[in-house]
Protein chains: 2
Amino acid sequence: MKFVPPKCENCSIKNDSLFCLCQQEEVQHVSQVKTCNIYRKGQIVFHENAMPIGLYCIYEGSVKISKLNSNGREQIMRIAAPGDFLGYRSLVAHRPYSDTAIAIEDTTICLVPKSEFFNLMQNNKKFYEALLQKICRDADEMENKLSNIAYKPVRGRIAEALLILAGKNAHEGKEAKLQPYINLTREDLASLVGTVKETAIRTISEFKDENLIAIDKRRIRILNFDKLMHISNLYD
Amino acid sequence: MKFVPPKCENCSIKNDSLFCLCQQEEVQHVSQVKTCNIYRKGQIVFHENAMPIGLYCIYEGSVKISKLNSNGREQIMRIAAPGDFLGYRSLVAHRPYSDTAIAIEDTTICLVPKSEFFNLMQNNKKFYEALLQKICRDADEMENKLSNIAYKPVRGRIAEALLILAGKNAHEGKEAKLQPYINLTREDLASLVGTVKETAIRTISEFKDENLIAIDKRRIRILNFDKLMHISNLYD
DNA sequence: CGCTACATTGAATCGAGTCAACACGCGTGG
DNA sequence: CCACGCGTGTTGACTCGATTCAATGTAGCG
């Protein structure tokens with residue numbers, strides 16, 4: 001679905017993205033060659049094994065990056081929010097996507113063509129290095145997540161996930177903007193921490209009973225960050 | 001402990017490493033500025049949170065790259081073999097190590113100083129790109145491992161780990177050299193797949209009973225690759 | 001209004017972790 | 001040369017967190 005987007009140079013989330021490292025004229029050029037789409041809730045942005053055609057940049061909404069295993073179960077790697085790039089790793093490595101990206105609400109996403117992306121990489125050293133460092137940081141986060149799933153009980157993993165989701169949009173150096181509430185299905189939340197819907201629900205109920213979170217209209221709002229933080233660091 | 005190593009240009013595992021992308025004179029220069037150490041079994045090569053001082057390249061032996069969680073439990077991320085580089089991600093990102101590297105047998109490792117490494121990165125585009133792609137691939141592998149630990153039962157994870165360990169030294173495009181046998185402690189094997197010693201041992205015994213592997217002197221030799229492959233792809 | 005997607009709760013089951021005891025092999029020192 | 005200790009491997013019994021299965025509730029929407 002087509003959509004008339006703002007110009008990149010005026011884009012409200014430009015400074016939340018890596019584009020904040022680009023020159024005015026670079027951003028203007030990106031703006032000219034980009035395309036912009038609305039993806040409805042549940043719609044696929046790109047699919048595992050497909051070859052990348054460009055760099056996706058989320059303008060509004062959110063996207064889950066996940067992997068389907070041969071069991072048919074979904075493992076969500078991360079939730080991407082406005083200002084986040086998608087698929088840069090596959091793009092940089094000239095490889096097919098290793099994950100699938102699916103909109104979890106109606107989401108507006110811009111697509112910067114591959115060629116333009118590589119132009120930026122080659123001509124803007126800062127941009128290149130920031131990207132490289134982002135990739136390294138991604139790998140580190142993945143390692144942490146791995147270690148967590150292996151050893152941290154579900155209760156701690158859910159607590160951690162809630163904190164991370166609430167603290168979305170924390171970008172390089174900038175203070176995290178806190179989201180007022182978390183709006184993921186229980187199923188997605190479960191898949192994000194590597195468990196099943198029912199277990200996630202039970203844990204959430206516990207948290208509610210303990211007054212750590214509030215639930216209105218299925219959406220989760222965090223009441224007690226400190227306590228959740230503590231639970232998230234407990235190992236049994 | 002000091003050790004007189006071969007010159008890099010004559011090093012037998014040069015072509016198993018990313019140095020195969022370097023010019024003769026580049027390799028010679030690396031050889032002049034590198035230092036070489038023997039690490040005894042159990043000795044730490046570098047420690048989580050320390051700042052990198054250079055690039056480690058394994059000449060002989062093997063090293064486990066792991067993370068200690070606050071629970072005191074170790075999660076092994078990967079086992080590195082001759083020709084593998086260590087710590088490049090932290091080096092590239094100018095960040096402290098996110099893991100600890102420990103020799104799991106007596107191991108000879110060369111250290112290329114940071115400055116020399118960055119020289120190579122800047123002057124040799126091929127080397128740079130190969131490194132970048134390696135980092136991307138690492139992240140992909142980590143994702144797979146994550147998804148596995150979340151959903152694959154221990155039996156499948158052990159089967160997979162055995163296959164990977166047996167197929168070490170598979171480098172870009174080259175055919176994997178098969179290791180005759182796997183020589184990890186049960187504890188390390190357990191930590192690699194995210195379980196405990198006892199469970200790993202039980203699974204290994206099962207495999208032995210099913211004639212999928214043989215054990216002599218504690219070391220594991222794979223007898224039936226296909227069947228193990230099949231088990232590794234089973235999800236319950 | 002009724003369909004559909006999502007959320008919730010209970011009961012039964014099971015995979016895997018924990019605890020404890022013991023076996024084996026190897027190197028050191030008496 | 002043997003005894004001892006230590007690191008590692010092995011096995012059994014018990015426990016428990018988490019998944020599975022099944023039934024039911026609730027909200028939003030055409």
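The sequence lines fix the lettering, A, B, ..., with proteins before strands; numbering per chain opens at 1. Computation of the quantities below employed the complete heavy-atom set of this structure, encompassing side-chain atoms and omitting hydrogens, waters and symmetry-equivalent molecules.
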*asked:* With a 4.0 Å limit, can you tell me whether Ser205(A) has a side-chain N or O closer than that to the phosphate oxygens OP1/OP2 of dT9(C)?
replied: yes

*Of the nucleotides dG28(D), dT8(C), dA18(D), which one has an atom closest to the side chain of Lys217(A)?*
dG28(D)

_Side-chain N or O of Thr185(B) versus OP1/OP2 of dG7(D): is the shortest distance under 4.0 Å?_
no

*OP1 or OP2 of dT20(D) less than 4.0 angstrom from a side-chain nitrogen or oxygen of Arg73(A), does that happen here?*
yes

*asked:* Using a distance-only criterion (donor-acceptor N/O pair, under 3.5 Å, no hydrogens), is the base of dC21(D) paired with the side chain of Glu198(A)?
replied: yes

*Could you check Ala200(A) against Lys41(B) and say which one's nearest nucleotide on DNA chain D is further toward the 5' end?*
Lys41(B)

*Selected nucleotide, minimal atom distance to Arg186(B) side chain, candidates dA18(D), dG9(D), dA16(C)*: dG9(D)

*Hey, what's the ring geometry for Tyr97(A) with Phe46(A), parallel, tilted or perpendicular (30° and 60° as the breaks)?*
parallel

*Is the shortest side-chain N/O distance from Thr195(A) to OP1 or OP2 of dA18(D) below 4.0 Å?*
no

_Ring-face cation of Arg219(B) near Tyr181(B) (centre distance under 6.0 Å, axis angle within 45°)_ = yes

*Picking from dT11(D), dG25(D), dA16(C), which would you name as closest to the side chain of Arg218(A)?*
dG25(D)

*Side-chain N or O of Arg202(A) closer than 4.0 Å to phosphate OP1/OP2 of dT9(C)*: no

*Please test Arg137(B) against Arg95(A) for side chain to side chain contact (heavy atoms under 4.5 Å, CB included), starting from the C-alpha separation and ending with a verdict.*
CA-CA 9 Å; Arg137(B) 216 160 338 110; Arg95(A) 315 180 83 217; 3.5 Å; yes

*Given DNA chain C, 5'-ward residue of the pair Lys197(A) and Ala150(A), judged by closest heavy atom*: Lys197(A)

*Are Lys67(A) and Glu143(B) within salt-bridge range, i.e. N to O under 4.0 Å?*
yes

